[in-house]
Amino acid sequence: RHSNMLMQHGKVNPQDRVTTQQYRYGGLNTAKFRHRMKVAPTPNCLLCGQPDGGHHSLSGCPHMSAMYIERHNSAGRMILKALLKGGRGADVVMHDIGHKEDSPSRSYATRIPTWVYTKSRRGRPDPATKTKWDKYRPDILMIAGSNSRPIRRREVDIVEIKYCRDTDPSMQQARAELQHDAALDAQKPDSLVHSLKQAGYRPSKIRLHVLLLGAGGTVYKSMRTTLKQLGLAHNATNSLAIKLHTHATVYARKIMTTKWSQERLLHRQPG
């Protein structure tokens, strides 16, 4: 991890920095914290009833899911913009990170193009096949060679973006791997990786990259290696890391401010 240096970066707002530091050191104003201070009757979240805490507030409360999705998609657009400017920008074929008027994401499909899984450039899959492939929604899909190469010679990079607990990213790493690779989950009959193999892609040319981002702004060193494989230069990677860190700290405060506001409204309701 390399987040302490980024936390001191001048672009981090002091108020955002305070909220993020409180989250990291267990001092965030949550029901769990208030209960520990003996000023709340329960450690459970006032909005959903589940055990509260810093990570629950920033990533686990069902009532805040819309803001978690917004945070994820905004980060995804930052990553996509950087990838498009990198050495492999031409390999991007689709994304599932939402559209925004001033974002390059508007120019790309949000479903896997049919040429990816049909052997003919003008191939038209049957409705059942298209429906199956439309269900696969990687955050970003990159294919080296595009439709000018035979399927067996193409290289595929599946990019997943996950926000995780700063001190333990392993759970989200495993979740992303299970999401796309049926070989890792005997209970899952189908997956994007499995279907790519069935379509003729060589297993050695299919790569799954999980970009893990700490809910408290942690940017992991492993991201540097991943982004290099995806075509980003050293300076571009550093610039993106600063933007993603700042983005996480901004959203930490934004999410908590919204959650506190909703808790106050709930408290004021009669009964």
Side-chain angles (χ1 to χ4, degrees), residues 1-7 9 12 16-17 19-28 30 32-33 45 48 50-80 82-83 95-98 137-140 157-181 184-185 191-192 207-227 229-230 232 237 240-256 258-259:
R1 297 185 295 163
H2 59 105
S3 57
N4 290 334
M5 176 185 69
L6 293 174
M7 182 61 73
H9 195 270
V12 178
D16 299 337
R17 183 182 291 117
T19 302
T20 304
Q21 294 285 34
Q22 288 175 337
Y23 161 75
R24 290 185 178 184
Y25 296 106
L28 200 56
T30 64
K32 179 180 179 180
F33 178 80
C45 176
C48 69
Q50 298 178 22
D52 202 1
H55 188 67
H56 172 82
S57 294
L58 290 186
S59 284
C61 182
H63 283 259
M64 306 302 297
S65 60
M67 293 198 73
Y68 304 151
I69 293 171
E70 180 186 330
R71 175 183 61 185
H72 169 276
N73 288 349
S74 295
R77 288 190 286 269
M78 291 180 189
I79 293 169
L80 175 63
L83 292 178
H95 70 81
D96 185 32
I97 51 176
R137 306 288 293 275
D139 285 331
I140 300 173
D157 291 276
I158 302 165
V159 181
E160 278 298 321
I161 303 158
K162 298 287 186 186
Y163 275 89
C164 61
R165 192 183 299 272
D166 290 59
T167 56
D168 183 16
S170 59
M171 185 178 297
Q172 288 292 61
Q173 174 78 32
R175 181 180 174 186
E177 291 172 353
L178 288 175
Q179 179 180 348
H180 291 299
D181 194 349
L184 299 174
D185 187 355
S191 72
L192 176 54
R207 295 177 291 267
L208 173 62
H209 308 277
V210 184
L211 295 178
L212 294 166
L213 304 172
T218 297
V219 176
Y220 300 91
K221 290 183 179 179
S222 59
M223 190 178 77
R224 185 184 303 278
T225 302
T226 299
L227 292 176
Q229 293 174 340
L230 297 176
L232 258 62
T237 298
L240 178 59
I242 291 171
K243 290 177 181 177
L244 291 172
H245 172 76
T246 304
H247 175 264
T249 62
V250 167
Y251 263 86
R253 181 168 178 79
K254 184 183 292 189
I255 289 169
M256 289 310 305
T258 303
K259 189 170 187 286

Between Val159 and Thr226, is a side chain to side chain contact (heavy atoms under 4.5 Å, CB included) present by the stated rule, with each step listed?
CA-CA 10 Å; Val159 181; Thr226 299; over 6 Å; no
Side-chain touch Lys259/Cys45, heavy atoms, less than 4.5 angstrom:
yes
Indicate yes or no: at least one non-hydrogen side-chain atom of Ser57 is less than 4.5 angstrom from one of Ile255.
no
Any side-chain heavy-atom pair from Thr246 and Met78 closer than 4.5 angstrom?
no
Could you tell me which residues satisfy ring pair (Phe, Tyr, Trp, His ring centres under 6.0 Å) with His63, sequence neighbours excluded, listed by chain and number?
none
Would the distance check show the side chain of Arg71 and the main-chain N or O of Ser59 forming a donor-acceptor pair, the cut-off being under 3.5 Å?
no
Quick one, Met67 and Cys61 - any side-chain contact, counting heavy atoms below 4.5 Å?
no
Give me the atom names and distance for the closest heavy-atom approach of Tyr68 to Gly60.
OH-N, 3.5 Å
So do the side chains of Arg17 and Thr249 get within less than 4.5 Å of each other, counting heavy atoms only?
no
Interatomic distance, CG@Leu232 vs CZ@Arg224, rounded to 0.5 Å, equals 11.0 Å
Is Asp139 close to His72 at the side-chain level, that is, under 4.5 Å between some pair of heavy atoms?
yes
Okay, side chain of Arg77, backbone of Ile97: is any donor-acceptor separation there less than 3.5 Å?
yes
Which atom names give the shortest non-hydrogen contact between His95 and Gly98, and what distance separates them?
CE1-O, 3.3 Å
CD1 of Ile158 to CD1 of Ile140: how many Å apart, nearest 0.5 Å?
12.5 Å
Let me confirm one number: the CG-CG distance from Leu212 to Asp168, rounded to the nearest 0.5 Å.
10.5 Å
Can you tell me how far the CD atom of Glu160 sits from the CG atom of Leu211, to the nearest 0.5 Å?
9.5 Å
Note: Leu58 and Ala252 closest approach over all heavy atoms is CD2-O, 3.6 Å
Is the side chain of Arg24 donor-acceptor paired with the backbone N or O of Gly216 at a distance under 3.5 Å, no angle test?
yes
Would you compute the distance between atom CE of Met223 and atom OH of Tyr220 and round it to the nearest 0.5 angstrom?
11.5 Å
Tell me, do Leu244 and Ile79 make a side-chain contact under 4.5 Å, heavy atoms counted?
yes
Mind running side chain to side chain contact (heavy atoms under 4.5 Å, CB included) on Val210 and Gln172 for me, showing each step along the way?
CA-CA 9 Å; Val210 184; Gln172 288 292 61; over 6 Å; no
Check for me whether the distance between the ring centres of His247 and Tyr251 falls short of 6.0 Å.
yes
Could you measure the distance from the CD1 atom of Ile242 to the OG1 atom of Thr237? Nearest 0.5 Å is fine.
11.5 Å
With a 4.5 Å cut-off on side-chain heavy atoms, are Gln50 and Pro62 touching?
yes
Can you list every salt bridge (charged side-chain N to carboxylate O under 4.0 Å, His left out) pair that touches residues 207-217, not counting sequence neighbours?
Glu155-Arg207, Asp157-Arg207
Thr218 versus Asp166, side-chain donor and acceptor atoms under 3.5 Å
yes
Measure from the side-chain N and O atoms of His245 to the backbone N and O of Gly217, and report whether any donor-acceptor pair falls under 3.5 Å.
yes
Over all heavy atoms of both residues, which pair between Ala215 and Tyr23 is shortest? Give the atoms and the distance, please.
CB-OH, 4.0 Å
